[in-house]
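Chain identifiers are assigned alphabetically (A, B, ...) following the order of the sequence lines, protein sequences preceding nucleic acid strands; residue numbering begins at 1 within each chain. These values consider heavy atoms only, across backbone and side chains, with no hydrogens, waters or symmetry-generated copies.
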There are 2 protein chains.
Amino acid sequence: MLTERQSLILQVIVDEFIETAQPIGSRNIAKKKQITYSPATIRNDMADLEDSGYLSKTHSSSGRIPSEKGYRFYVDHIMSPLKLSQEEVSIIKGQFDERMIELEKVMQNSAHILSELTKYTTLVLGPEVYETKLKQIQIVPINKQSAIAILVTDTGHVEHRSFAIPSNVDQSDLEKVVNILNEKLVGVPIIYLDQMIESEVVDLINRYTSNFEQSYRILQQALFGSQSSSLYVSGKSNILMQPEFSDIEKARSLFNMMESEEQIAPILKANKQGLNISIGHENQVEAMNNCTLITATYNMGEDQVGTIALLGPTRMEYAKAVSLLDLWSSYMSQSLDSWFNEG
Amino acid sequence: MLTERQSLILQVIVDEFIETAQPIGSRNIAKKKQITYSPATIRNDMADLEDSGYLSKTHSSSGRIPSEKGYRFYVDHIMSPLKLSQEEVSIIKGQFDERMIELEKVMQNSAHILSELTKYTTLVLGPEVYETKLKQIQIVPINKQSAIAILVTDTGHVEHRSFAIPSNVDQSDLEKVVNILNEKLVGVPIIYLDQMIESEVVDLINRYTSNFEQSYRILQQALFGSQSSSLYVSGKSNILMQPEFSDIEKARSLFNMMESEEQIAPILKANKQGLNISIGHENQVEAMNNCTLITATYNMGEDQVGTIALLGPTRMEYAKAVSLLDLWSSYMSQSLDSWFNEG
DNA sequence: GTTAGCACTCAATCACATCGAGTGCTAATT
DNA sequence: AATTAGCACTCGATGTGATTGAGTGCTAAC
């Protein structure tokens with residue numbers, strides 16, 4: 001375990017490095033007013049900290065920089081939550097002051113605001129569509145051969161998908177099916193729609209329409225095919241501002257990763273309830289090996305419904321990032337609660 | 001005007017520079033098999049070309065690189081359209097083979113495909129919503145105080161917007177309004193909706209509902225407020241691969257520009273019918289001063305409905321880019337025609 | 001009009017010296 | 001025993017020439 005003094009030195013080094021991105025030497029540490037020891041003493045502790053893996057050097061006679069283990073210790077044992085400025089608090093709060101109607105807009109705005117406040121990239125993963133409930137199904141024919149199915153959920157989410165109408169399916173068949181679906185399925189969680197249809201609706205449809213097979217299968221495919229997920233990313237270009245990504249190659253690989261939703265969504269989903277910090281190689285994905293990802297979940301009642309995350313260099317302003325995410329997710333959870341209680 | 005030989009030399013320099021991004025010297029030009037002159041002769045012509053502004057040097061004893069004027073001449077007078085490979089043609093064609101249902105998906109895919117083929121950034125601006133016709137209006141109440149208005153156009157575009165329901169407006173009022181709107185307005189171009197409502201529908205609504213003022217105004221605001229435009233961008237990170245953007249600052253300013261739709265859309269719209277090439281400072285926006293933007297419009301019958309564009313460094317593969325855009329926009333126009341004739 | 005020849009320019013590269021912020025270690029001090 | 005002062009040492013960063021080589025412009029010859 002670290003001594004009191006070692007811990008203090010580690011703290012100074014991490015704080016300083018977060019700010020300057022430069023290796024820190026013993027003399028500079030000694031100048032800090034919290035520090036009452038001579039450079040030599042500090043050097044000894046620094047050597048110990050390096051031996052136990054909390055610090056490392058860029059070359060044999062350079063100052064020290066925190067290792068991933070060092071950040072980990074800082075995050076777990078040293079860091080204290082940052083008091084956010086009045087302005088920061090009110091920007092986030094303001095976001096939730098208006099009546100929330102469309103969840104998607106809120107998430108979009110949130111991503112934007114947080115990336116502005118932190119200068120990191122913000123990722124917001126909304127509630128899975130199938131965790132919400134069906135509000136209404138609509139079919140809008142576009143021309144003789146095609147139509148659009150629109151599905152609205154109780155979160156105000158609108159999902160739509162086009163499909164071709166086979167020539168032997170009459171439009172009135174489709175209408176009947178839609179009517180039945182609406183009658184029976186409104187209020188059902190999207191995740192249960194499939195089972196529900198099989199168990200309750202199939203017979204009914206068969207009774208009323210002649211072309212059940214086609215009209216139903218088509219609809220099913222259109223509505224329950226690949227769910228468009230709800231990932232909002234903002235401030236991608238902030239990454240370019242970080243000196244650790246002045247190496248174009250690193251920036252490129254991160255950008256490539258962020259362009260594919262399929263890669264990011266599972267990473268965000270994998271995190272547990274509450275706050276999670278993944279530092280450097282704790283991230284499985286190689287492109288993120290010199291990044292830190294901080295995720296926070298938000299809830300609806302007891303259930304975790306979504307995740308928000310900040311992605312930055314390992315040299316991240318941990319205290320600020322954590323405080324902002326904490327604040328945001330509590331507002332968000334609260335907002336979701338009142339939304340569903342009033343609604 | 002340029003002599004035959006000067007033009008040839010310019011062509012070699014531009015072609016070579018496009019490929020290598022390095023200044024070209026007279027000896028290297030002389031080695032080309034199309035060239036039958038000695039380095040000294042070429043040097044004289046190069047000096048002339050520099051005097052008249054078609055070439056420039058990076059320093060006093062370096063080879064030459066094309067100036068913007070040089071590119072302009074190349075594009076206007078030298079370049080011949082590139083024969084696309086069988087593969088490229090079939091990738092683009094394949095895109096339009098399936099029956100087109102949702103215009104948006106087509107545009108999304110197109111942006112993706114073209115950025116893959118060119119390694120430049122692709123921007124696709126879809127038909128303005130107001131240029132298309134109304135297919136249907138729907139209102140889906142989410143809870144007591146809020147609802148979502150959904151508008152479907154004949155291009156398969158789905159627009160939705162949430163709004164709060166004032167307490168004194170009954171849901172049945174809204175429904176009546178929606179019914180009237182649908183009866184009277186289906187098939188009307190979105191751009192005329194506003195006038196049409198004032199001239200034809202207002203009286204009717206007043207006759208049937210008690211709370212016309214609120215219900216109508218709300219709907220109007222929801223439906224005809226800020227139109228979400230339809231800009232699709234793909235391959236942004238390709239920019240990072242170009243050596244001219246290894247200067248992080250330039251990359252950053254481009255990224256910032258591309259993050260705001262408000263900045264890009266007008267630029268794309270400003271271009272005239274057909275193919276347009278804006279080289280370097282011909283672009284008004286400062287961030288694009290070392291870029292070339294090639295835009296092509298696509299049509300529906302006689303009317304220009306949208307724009308597709310490639311954004312790359314001024315050192316762009318002009319011939320290929322132009323050929324690809326030409327091919328794409330002809331397929332697209334054709335596809336749109338058959339869509340509206342069959343539909 | 002074209003080309004050979006030549007002096008000249010300048011970025012790029014390398015070798016070398018210098019500087020200074022930093023270290024590790026030892027011996028003195030508290 | 002813990003701390004500190006002192007000192008030799010390391011190594012990146014910076015600066016200075018020297019060298020190289022790809023390029024030019026100009027002049028004179030073809």
Asker: Under the rule for ring-ring contact (aromatic ring centres under 6.0 Å, His included), what residues qualify as partners of B/H77, not counting sequence neighbours?
Answerer: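 With neighbours one apart ignored, the set is B/F73.
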
Asker: Can you sort out the partners of A/Y74 under ring-ring contact (aromatic ring centres under 6.0 Å, His included), two or more places apart, ordered by chain and number?
Answerer: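 A/Y74 satisfies ring-ring contact (aromatic ring centres under 6.0 Å, His included) with no other residue.
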
Asker: B/E282: which residues meet the salt bridge (Lys or Arg N to Asp or Glu O under 4.0 Å) condition with it, sequence neighbours left out?
Answerer: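 Partners of B/E282 by the salt bridge (Lys or Arg N to Asp or Glu O under 4.0 Å) criterion, ordered by chain and then number, come out as B/R72.
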
Asker: Using nucleotides 25-30 of chain C, report all nitrogen or oxygen pairs with the protein that are shorter than 3.5 Å.
Answerer:
none

Asker: In whole angstrom, give the distance that lies between atom CD1 of A/I9 and atom P of D/dT3.
Answerer: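 Rounded to whole Å, this separation is 10 Å.
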
Asker: Take B/E16 and B/K32 through the salt bridge (charged side-chain N to carboxylate O under 4.0 Å, His left out) test and state the conclusion after the steps.
Answerer: CA-CA 10 Å; B/E16 194 73 11; B/K32 295 268 149 191; 3.0 Å; yes

Asker: Can you tell me which residue pairs pass the ring pair (Phe, Tyr, Trp, His ring centres under 6.0 Å) test with a partner in residues 236-267 of chain B, sequence neighbours excluded?
Answerer: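 As it turns out, the ring pair (Phe, Tyr, Trp, His ring centres under 6.0 Å) pairs with a partner in residues 236-267 of chain B, which skip direct neighbours, are A/F255-B/F255.
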
Asker: Just how far, in rounded Å, is P of D/dT3 from CD1 of A/I42?
Answerer: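 Going from CD1 in A/I42 over to P in D/dT3 covers 11 Å.
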
Asker: Look at B/T41 and C/dT3 and indicate whether a side-chain polar atom (N or O) is within less than 4.0 Å of OP1 or OP2.
Answerer: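 Answer yes for this pair, as a side-chain N or O of B/T41 is under 4.0 Å from OP1 or OP2.
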
Asker: In this structure, how many angstroms lie between the C1' atom of C/dA21 and the CD1 atom of A/I65, rounded?
Answerer: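 Atom CD1 in A/I65 sits about 16 Å away from atom C1' in C/dA21.
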
Asker: Going by the rule ring-ring contact (aromatic ring centres under 6.0 Å, His included), which residues pair with A/F17 if we only count those two or more places apart in sequence or in a different chain?
Answerer: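 Checked A/F17 against ring-ring contact (aromatic ring centres under 6.0 Å, His included); zero matches.
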
Asker: Anything under 3.5 Å between a donor and an acceptor, one on a side chain of residues 290-297 of chain A, the other on a protein residue two or more places apart or in another chain? List them.
Answerer:
from, atom 1, to, atom 2, distance (Å)
A/T292, OG1, A/Y318, OH, 2.8
A/T297, OG1, A/G274, N, 2.7

Asker: Roughly how many Å is it from NE2 in A/H59 to C1' in D/dT10, rounded to a whole number?
Answerer: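 Computing the A/H59:NE2 to D/dT10:C1' distance gives 9 Å.
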
Asker: What is the distance, to the nearest angstrom, from the CD atom on A/E50 to the C1' atom on C/dT23?
Answerer: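 Taking CD of A/E50 and C1' of C/dT23, I get 10 Å after rounding.
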
Asker: How long is the line joining CG of A/D48 and P of D/dT3, in whole Å?
Answerer: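 The distance from CG of A/D48 to P of D/dT3 comes to 12 Å, rounded to the nearest Å.
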
Asker: Scan nucleotides 13-23 of chain D nucleotide by nucleotide, 5' to 3', and note B when protein non-hydrogen atoms come under 4.0 Å of the base, S if they reach only the sugar-phosphate, - if neither.
Answerer: ----------B

Asker: B/Y120: which residues meet the ring-ring contact (aromatic ring centres under 6.0 Å, His included) condition with it, sequence neighbours left out?
Answerer: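 Result, ring-ring contact (aromatic ring centres under 6.0 Å, His included) vs B/Y120: none returned.
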
Asker: Could you list the residues that satisfy side chain to side chain donor-acceptor pair (under 3.5 Å) with B/E50, not counting sequence neighbours?
Answerer: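 Counting only residues at least two positions away or on another chain, B/E50 forms a side chain to side chain donor-acceptor pair (under 3.5 Å) with B/R64.
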
Asker: Atom CG of B/D45 to atom P of D/dT24: distance rounded to whole Å?
Answerer: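 To the nearest whole Å, that distance equals 12 Å.
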
Asker: Please state how far atom NZ in A/K57 lies from atom C1' in D/dC9, giving the value in whole angstrom units.
Answerer: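 Rounding to the nearest Å, NZ of A/K57 and C1' of D/dC9 are 12 Å apart.
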
Asker: Among residues 30-39 of chain A, which residues get a heavy atom nearer than 4.0 Å to DNA chain D?
Answerer: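 Result for residues 30-39 of chain A: A/Y37, A/S38, sorted by number.
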
Asker: Atom CG of A/N28 and atom CD1 of A/I35: how far apart are they, to the nearest 0.5 Å?
Answerer: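 Going from CG on A/N28 over to CD1 on A/I35, the span is 11.5 Å.
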
Asker: Would you list the pairs meeting side chain to side chain donor-acceptor pair (under 3.5 Å) in which at least one residue belongs to residues 245-254 of chain A, sequence neighbours left out?
Answerer: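 Passing the test, one end in residues 245-254 of chain A: no pairs.
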
